[in-house]
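A short write-up of the structure that comes next.
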Amino acid sequence: MAATSTAGAGATLMPLLIQLLRGASDLASVSATHAKLLKLGAATSVASSNHLLAAYCRCGSTALARHLFDGMLDRNVVSWTALMSGYASTGRPRAAVALLRAMARSGVPPNAFTFSTAASACARLAHACLGRQVHARAEVAGYACDNVVATALVDMYGKAGSVPDARAVFDAMPATARNAVSWASMLSVYAQNALGHDAIQLFAEFITNGEDMALNHFMLSSVVNACAGVGRLSIGKCVHGMVLRHGHEDNDVIAVALVDMYSKCGCYEYSKKVFDRIKRPSVIPYTSIIVATAKYGLGRCALALFSDMVDRGVQPNSVTLLGVLHACSHSGLVDTGLQLLRSMRSKYGIDPCASHYTCAVDMLGRAGQLEAAFELADEAQVDGNDALMLWSSLLSACRNHKRLDLATMAGQKASEFTQDVAGALVVMSNAYASAGQADDAAAVWSNMRRRGIRKDPGCSWIEIKDIPYVFYAGVVSPADERAGEVMLLLDELVIKMREKGYKGRIGSARVFDADDEEDGDHHEEGRGVMVGVHSEMLALGLGLLMIPKGMAIRVMKNLRMCCDCHEAFKLISGIVEREFVVRDLNRFHHFRMGSCSCNDYW
DNA sequence: TTAGGGTTAG
């Protein structure tokens, strides 16, 4: 009789206890509820065990969840999937994938929940091979066309860097199955894989085809991110308008994306404005603005933002400190930077890693303290790709400071650490060239050509009336309507620059004098002629022709700007009395009235 | 029991 009454009480209490479990986020309350269920004799049913399992996973106790799972007499698909999800979300995605195999052996058939969880685990691993196996299993089981599974697969392929596979899964989804999440996932696949133009294209498609779906903050942040990557200011501004119209201006993730976008599009002031609107900035917004400030060469402002952040009790992370070091590096604040590197651990509890050392080595190298840079590089004790980066950066510092003896040493060190054949060859050819061994350098290049090894070509681009124009060094297609005009304009500018004493090159060949006999073959009606003109010069030329006076000309480049082009941009900004903003691989240069914001320290 | 977004040197 007593037993019946307990069972009766259990039946009444069960929904309440399940409700408690669903809302529980701390281990203590989950354990307490577990104890109550045991007391009621209701803890052994599959349903209640599954609720307990999920609750333990939610509060991060996968060990307890596993213990419970192992003791279950009967397990269904929910039990397996809940534990899998627990592993995936607590940093053990490999264990999650292993569970999928164990599940197959156990004979419990997986469902859509299982496959989307497994795909998400593979996404965390960024492991295309494992992901493909999950995809194949889902296909066989007939769940690959489920919209959640397909979306998880899109995300997985994207995170694993297989963009065409992601797109194929997205394209295979029936249009009616695609929802805001699937579109947003595909968009972020492009954005995360540095395919900003494709992301923007997809966004345009979404706006045209998917008007019935609400434009959500995930999509907005991804597309802002894409605009940042490719420097499409006009689209970025347009999306900012959408952010405001859809009421997402208080979303911190979008705000950070906007800070980053404006900064990467050369509009530091807008970037700062967006940052200043964030009510209580956390570490990521602070880091973002510090990095932006550093890239504009405003080292002291970046340091001020950093101390403001610390004063407000926001704990910096490893990326923040890298940003601060970067600020010191680009503003010549060597002592401050070194102090920070030495006190990272004691002050902020963060151990310097390869990236911090590389940044500090770069800072010393930039300042010409090459011996100290060598010592620090040796001290860093890094290997693999990190070491390649570290020594390559020191190599370029040695070259810039014309220390050819040290350049070959750094080049030798760098090439010890690379498996990338092309990378090693470029490093070595640079080292030879710096040491004045031009023949050796040329031999390396011809060896590369013979073996069909290529590096990505340098290019620059400029956006004019919402259209991006891309230029490669020395490549001006005669079919381009304005190519002739661009070359003519550059010719004229070079003559004016020469009058001001410019001796540099703006291409792979020197700028010729009209009376330069040696290069007489290139003469054309007595005018100086340029061969292999650098891509940023071509972009600037088109900008000067097409962008109305009074508007700044913004040029993007995928490599570092060379010293000669830097000098040329300075002079031209004075000659034509216009402002230019150049975003190169590392930072910004703002040219105005014959000088640059970097004060020639970069 | 399932899917999506932010900062990172050279």
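Predicted model only: the values in this text are computed from it and were never measured. For the numbers below, each heavy atom of this structure counts, side chains included, while hydrogens, waters and symmetry mates do not. Residue numbers begin at 1 in each chain, while the letters A, B, ... track the order of the sequences.
- Residue A:Leu321 contributes atom CG, which lies 17 Å from atom P of B:dT7 at whole-angstrom precision.
- The side chain of A:Arg587 places no N or O atom within less than 4.0 Å of a non-bridging phosphate oxygen (OP1 or OP2) of B:dA9.
- Residue A:Asn216 is classed as a base contact, given a heavy-atom separation below 4.0 Å to a base.
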Practice task
Could you please spell out the steps behind the side chain to side chain donor-acceptor pair (under 3.5 Å) verdict for A:Ser79 and A:Asn50?
Solution key: CA-CA 5 Å; A:Ser79 336; A:Asn50 286 346; 2.8 Å; yes
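- Lacking a ring centre under 5.5 Å from that of the base six-membered ring together with a plane angle below 30°, A:Phe218 does not count as stacked on B:dG5.
- Phosphate proximity of B:dT8 to A:Lys264: present, with a side-chain N or O under 4.0 Å from OP1 or OP2.
- Exactly one residue among A:Tyr268, A:Tyr296, A:Tyr262 makes a ring pair (Phe, Tyr, Trp, His ring centres under 6.0 Å) with A:Phe588. That residue is A:Tyr296.
- For A:Val148, whose side chain is taken as the heavy atoms from C-beta onward, the closest listed nucleotide among B:dA9, B:dT1, B:dT2 is B:dT2.
- A:His326 comes within 4.0 angstrom of the backbone, heavy atoms only, and of no base.
- Within the 4.0 angstrom heavy-atom criterion, only backbone atoms of the sugar-phosphate kind lie near A:Thr117; the bases stay farther away.
- Under 4.0 angstrom from either OP1 or OP2 of B:dT2 there lies at least one side-chain N or O belonging to A:Ser85.
- Using a 4.0 Å heavy-atom cutoff across all strands shown, A:Ser185 reaches sugar-phosphate atoms only and no base atom.
- Atom CG of A:Leu390 is separated from atom P of B:dA9 by 15 Å (rounded to the nearest Å).
- Dashed line: the shortest gap from a side-chain N or O of A:Lys295 to OP1 or OP2 of B:dA9 is under 4.0 Å.
- The distance from atom CG of A:Leu388 to atom P of B:dA9 is 17 Å, rounded to the nearest whole Å.
- Residue A:Lys159 contributes atom NZ, which lies 11 Å from atom P of B:dA3 at whole-angstrom precision.
- The distance from atom CG of A:Leu83 to atom P of B:dT2 is 12 Å, rounded to the nearest whole Å.
- Judged by distance alone with a 3.5 Å cut-off, a donor-acceptor contact links the side chain of A:Asn251 to the base of B:dG5.
- Two rings, from A:Phe203 and A:Trp183, have their centers 6.0 Å or more apart.
- Within 4.0 Å (heavy atoms only), A:Asn50 reaches no atom of the nucleic acid at all.
- Contact annotation: A:His356 does not reach the phosphate of B:dG10 (side-chain N/O to OP1 or OP2, under 4.0 Å).
- The residue A:His330 sits close only to the backbone: its heavy atoms come under 4.0 Å of sugar-phosphate atoms, none of a base.
- Following rounding to the nearest Å, A:Asp250 (CG) and B:dG5 (P) show an atom-to-atom distance of 22 Å.
- Between the side chains of A:His34 and A:Tyr56, at least one donor-acceptor pair of N or O atoms lies under 3.5 Å.
- An OP1 or OP2 oxygen of B:dG6 is reached within less than 4.0 angstrom by a side-chain nitrogen or oxygen of A:Asn225.
- Between A:Val230 and A:Arg583, the shortest heavy-atom distance links the atoms C-NH1, 4.3 Å.
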